[in-house]
Engineer: 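What follows is a structure written as structure tokens; I'll ask about it next.
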Protein chains: 4
Amino acid sequence: MRVKDEFKQESLFNATVKLVNKIGFVASSVSKIAKEANVSPATIYIYYTNKEDLLVSTYVNIKKNIGKAVLNDFDPSLPIRDILKKLWLNMFDYITRHPDLFQFTEQFSNSPYCDLVNKEELEKSFEPIIKVLQKGIEQKIIKDVNFDILATFMFYPIFVLSNARLCNNFQKNEKNIETAFQLAWDAIKL
Amino acid sequence: MRVKDEFKQESLFNATVKLVNKIGFVASSVSKIAKEANVSPATIYIYYTNKEDLLVSTYVNIKKNIGKAVLNDFDPSLPIRDILKKLWLNMFDYITRHPDLFQFTEQFSNSPYCDLVNKEELEKSFEPIIKVLQKGIEQKIIKDVNFDILATFMFYPIFVLSNARLCNNFQKNEKNIETAFQLAWDAIKL
Amino acid sequence: MRVKDEFKQESLFNATVKLVNKIGFVASSVSKIAKEANVSPATIYIYYTNKEDLLVSTYVNIKKNIGKAVLNDFDPSLPIRDILKKLWLNMFDYITRHPDLFQFTEQFSNSPYCDLVNKEELEKSFEPIIKVLQKGIEQKIIKDVNFDILATFMFYPIFVLSNARLCNNFQKNEKNIETAFQLAWDAIKL
Amino acid sequence: MRVKDEFKQESLFNATVKLVNKIGFVASSVSKIAKEANVSPATIYIYYTNKEDLLVSTYVNIKKNIGKAVLNDFDPSLPIRDILKKLWLNMFDYITRHPDLFQFTEQFSNSPYCDLVNKEELEKSFEPIIKVLQKGIEQKIIKDVNFDILATFMFYPIFVLSNARLCNNFQKNEKNIETAFQLAWDAIKL
DNA sequence: GATGAATGAGTGTTCATTCAT
DNA sequence: CATGAATGAACACTCATTCAT
């Protein structure tokens, strides 16, 4: 029998990301994605159970990679500020190197498909980061406030600033990134 | 000559907001909106040139109202921190009183229709606020950094914290709102 | 506004009957029926809620007409045998004049759509006939046996004999019909 | 040289009957039948030329078995009524013991695939029965009428009465079966 | 012989929009 | 102004069958 073609799966992954970035989630129909991947629409249903599965799987795939990239060289023994700064740099680095993958996750996060993701599983990738914030609170280095508030100031700015639609004047150079991190730190530090 | 029916237009506005909130942007077809508004699909094309126009107009309409609400009792003579805090409170107040309208704008902001909005025109509503920040910079009260960075820390947290999908642990009570503002202020203040 | 086109509905009815007879229920897709009726597939959904509705409605429509035709000149005061014979003749007459409509009902009766019909409502059309049989039993003219058995010998032979696929040697001439009725009568009479 | 796997063929036969009975002819796709039989869809095309062949072969297979079962203990020297009664009892016995196989033939008989069966070959299995009727006619025991009429009253009632969809009040007990046979006999006897 | 991958053609249905009144 | 009828194009998905191994 024929063997599952590794190339086809990768081709589908790339086509999905590319098309969603180009024309958006709504307009990205199964047949258009198939055409972009040079594959029959029916073939998609060999690799994924349905459209939802294709999109969610693509998202989860990317998100896990981001998790790995962000936690690269993670060293919990460093000062808290240094740990968080490293995370920022890693994240911006990832976005700079894979703008298309990042853009896909941004679009996905705001699509109705987002609700179908197993959030708990994904959050595991980011648990070490949460623990850092908690340690900071215990050590009276970080403000002891509602965790949603902390997260909003520590993490969302990265996504907002990296989103070209929202911030088209922000250059992702070293100086700007460091400045932005300084504001985030000033926000949460005691 | 008959006049365009004010009531019908309002009915369409409400139907659009309600349906998009209930079933999402993708599922909100012209005929469903028409049915929700007790109007023929064809009638929509009397008041709006097409579906896009209907949605964009609805968005712009809300956004301008938000602008007014936020600038209510705007007093440029107050201390800068007080001005900004008043803006925060006004914004949260609006979101609390019109959760459906706010939810619509959130959904719209992440739909492909968003790109069709004349951003410059909308930003006029928020110009006074921008001037406040600029004054703060001149007076060495606020950090002199890229404006996108300032905006990210001063304004987006409101939307993130108010978005139930993103922050389901954040209660919009007075204490939390004040705490959140304090973080925003700590971020941008010199 | 445009008015619902009586011609279109009739055209759809005819196309449905014709196509189902020609290529069978399974192969009769919505788009093929639409093409046969010179109508857009979407138009079908104005007149019927879905394919099932189209087929079931067509069937019920025919079945009610058959009911009327069979009970034409129904006279309960006649001798029981004469009443039943009249029904036979009426039924064969209908089948002879509308072979396509009859064929459709035969095909429908053996399709899965059959289960979707409100049987009770349809049986109302045939209630007078049932009462005749019951009267015959009471008057000791007809055998007092399970009603399914009576019906099987009194009514189904008409359909079997009229079904070209099952009986291709049976000519629907007066003599044959009378002979067949004689057998049915011999079967059920005491 | 490898031989066609007897087990696989049987497995396919059972799967076909089971699935068609469970979900109907229309929904029984080749791949579903393959899955039910724990076999690859491609394997079916080793044993049968196509889907049609699979279904028709399954039908003919069953039909021939029915023929054998019905003619079990066939004794042409008995009185004609006794011969026919024995056939009735054999048939009802078969249906009682193999309701699934019988149900399959009923479904098949009303599917478009039915037209593809070589009827003449099948009728050979039932030739002895036909001869009995002819002998009855010659001996002035059975009415000398069109053969389709005789067959309609002698054989079809069995199928009608055994079909749960058509007759849900008929219990296949000895008394009912004998009563039904009596009506059939009354119909055809002189 | 046996298989799962692969596919073009098809399914029922909904869409944004226009037409005729 | 207002409408429901009408539609071609598109949708997600499944089909019977063939291919490469």
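So that the names make sense, note that chain A is the first sequence line, chain B the second, and so on, each numbered from 1. Computed from a predicted structure; not experimentally measured.
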Engineer: Rounded to whole Å, how long is the line connecting atom CZ of Phe25(A) with atom P of dA12(F)?
Structural biologist: 13 Å

Engineer: Specify the residues of residues 27-35 of chain A, ordered by number, for which at least one heavy atom lies under 4.0 angstrom from an atom of DNA chain E.
Structural biologist: none

Engineer: Check whether Arg165(B) reaches the backbone of Ser109(A) with its side chain - one donor and one acceptor, N or O, closer than 3.5 Å.
Structural biologist: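 Yes: the side chain of Arg165(B) pairs with the backbone of Ser109(A).
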
Engineer: Any idea which heavy atoms bring Tyr48(A) and Ser57(A) closest together, and the distance?
Structural biologist: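 It is CE2-CB, 3.8 Å.
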
Engineer: Identify, residue by residue, the members of residues 44-56 of chain C with a heavy atom below 4.0 Å from DNA chain E, and return them in order of residue number, or none.
Structural biologist: Tyr45(C), Asn50(C), Lys51(C)

Engineer: Only Watson-Crick and G-U wobble pairs with both distances less than 3.5 Å should count. Give DNA chain F in dot-bracket notation, marking inter-strand partners with |.
Structural biologist: .||||||||||||||||||||

Engineer: Would you say the rings of Tyr59(A) and Tyr113(A) are close, in the sense that their centroids are separated by under 6.0 Å?
Structural biologist: no

Engineer: With Glu123(D), which residues qualify under salt bridge (charged side-chain N to carboxylate O under 4.0 Å, His left out), at least two apart?
Structural biologist: none

Engineer: List in numerical order all residues of residues 9-24 of chain C for which some heavy atom is under 4.0 Å away from an atom belonging to DNA chain F.
Structural biologist: none

Engineer: Given dG8(F), dG4(F), dT17(F), identify the nucleotide with an atom nearest to the side chain of Ser40(C).
Structural biologist: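 Selected nucleotide: dG8(F).
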
Engineer: Determine the minimum heavy-atom distance between Asn50(C) and Tyr45(C), stating which atoms define it.
Structural biologist: CA-CE2, 3.7 Å

Engineer: Nearest-nucleotide wise, let me know which of Pro41(A) and Val26(D) is further upstream toward the 5' end of DNA chain F.
Structural biologist: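 Here Pro41(A) is the residue nearer the 5' end.
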
Engineer: On the nucleotide dA6(E), are OP1 or OP2 found under 4.0 Å from the side-chain N or O atoms that Lys8(A) carries?
Structural biologist: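 Checking dA6(E) against Lys8(A), a side-chain N or O does come within under 4.0 Å of OP1 or OP2.
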
Engineer: Donor-acceptor pairs are to be reported for all side-chain atoms of residues 11-21 of chain B against protein atoms at under 3.5 Å, with residues two or more places apart or in another chain.
Structural biologist:
unit_1	atom_1	unit_2	atom_2	d
Ser11(B)	OG	Ala37(B)	O	3.1
Asn14(B)	ND2	Glu10(B)	O	3.4
Thr16(B)	OG1	Leu12(B)	O	2.7
Lys18(B)	NZ	Glu36(B)	OE2	3.3
Asn21(B)	OD1	Phe104(B)	N	3.4
Asn21(B)	ND2	Val17(B)	O	3.4
Asn21(B)	ND2	Asp100(B)	O	2.9

